[in-house]
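These notes are about the structure you will find just below.
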Amino acid sequence: MDDPLKVIVSSNEYNLHHFEGILNHHHIFPEMVENNQMLFMAGLDLNPIQLDWIDQIKNRENNIRKLDKRDTITLEQATIKSLDYSYNELKSFKAKWVDWERAAGEIAAQAVIPYPPGVPLLLKGERINQYHIAAIKQAFSRGQYIQYSGKDLSKGIEILLK
């Protein structure tokens, strides 16, 4: 049985993260946005006033049609290679931030994981190549969420030095 207190909006055509921004502007905040689905939770005390956000969604159809329809990284996958150093060896390395022009060939200090799909694009200890740089820049240009605990990934990346 479906949960009557949940409303799920799904689309294979529109980028729902952009749609979320439009809704937030109108003080409508989804519970969760992942991949091609957006989840809303209704309270137990349902009344017509609480549901007027559904009408707001319908009235924003023109804005929705203008959205970027891409939602994932489309570059070809890089070949999976072994790490040059063990994680134990990496513990003795020092982290340093560099801009993207100096990052190729260096060793990543942190994992980089775009959502969706939630699969690591770059692992800690992996050599950074042009594929990684292009994919990360593409994810940023789309406003995609990227899990990364280092400094300012939009302009560069933290690397490890011996």
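If you're wondering where the values come from, they're calculated on a predicted model, not measured in any experiment.
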hydrophobic_cluster_shared for I146 and I159, side chain cutoff 4.5 Å
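Same cluster: I159 reaches I146 through Ile, Leu, Val, Met, Phe, Trp or Tyr contacts under 4.5 Å.
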Just one of L122, L153, I113 clears the side chain to side chain contact (heavy atoms under 4.5 Å, CB included) bar with Y148, so which one?
L153
Can you give me the closest heavy-atom contact between [X] and [Y], atom names plus distance?
{"X": "W97", "Y": "K151", "result": "NE1-O, 3.0 Å"}
{"X": "Q110", "Y": "S149", "result": "OE1-OG, 2.7 Å"}
{"X": "A135", "Y": "L121", "result": "CB-CD2, 3.6 Å"}

Any side-chain heavy atom of [X] within less than 4.5 Å of one from [Y]?
{"X": "V112", "Y": "H132", "result": "no"}
{"X": "R127", "Y": "D84", "result": "yes"}
{"X": "M38", "Y": "E20", "result": "yes"}
{"X": "K155", "Y": "D99", "result": "no"}
{"X": "I157", "Y": "I128", "result": "yes"}

Does the side chain of Q37 come under 3.5 Å of the side chain of S10 through a donor N or O and an acceptor N or O?
no
Do S154 and D152 meet the criterion of a side-chain donor-acceptor pair at a distance under 3.5 Å?
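Checked: S154/D152 side chains pair up, N/O donor to acceptor below 3.5 Å.
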Do side-chain atoms of Y87 reach the backbone of K124 as a donor and acceptor pair under 3.5 angstrom?
yes
Kindly say whether A103 contributes a backbone atom to a donor-acceptor pair with the side chain of E106 at under 3.5 angstrom?
no
Euclidean distance, S92 OG relative to L160 CG, rounded to 0.5 Å:
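That separation rounds to 9.5 Å.
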If I take atom CG from residue L90 and atom NZ from residue K162, how far apart are they, to the nearest 0.5 angstrom?
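So the CG of L90 and the NZ of K162 are separated by 10.5 Å.
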In sequence, state the C-alpha distance, the side-chain angles, and the governing distance for L161 and F93, and then conclude on side chain to side chain contact (heavy atoms under 4.5 Å, CB included).
CA-CA 5 Å; L161 302 171; F93 289 23; 6.0 Å; no
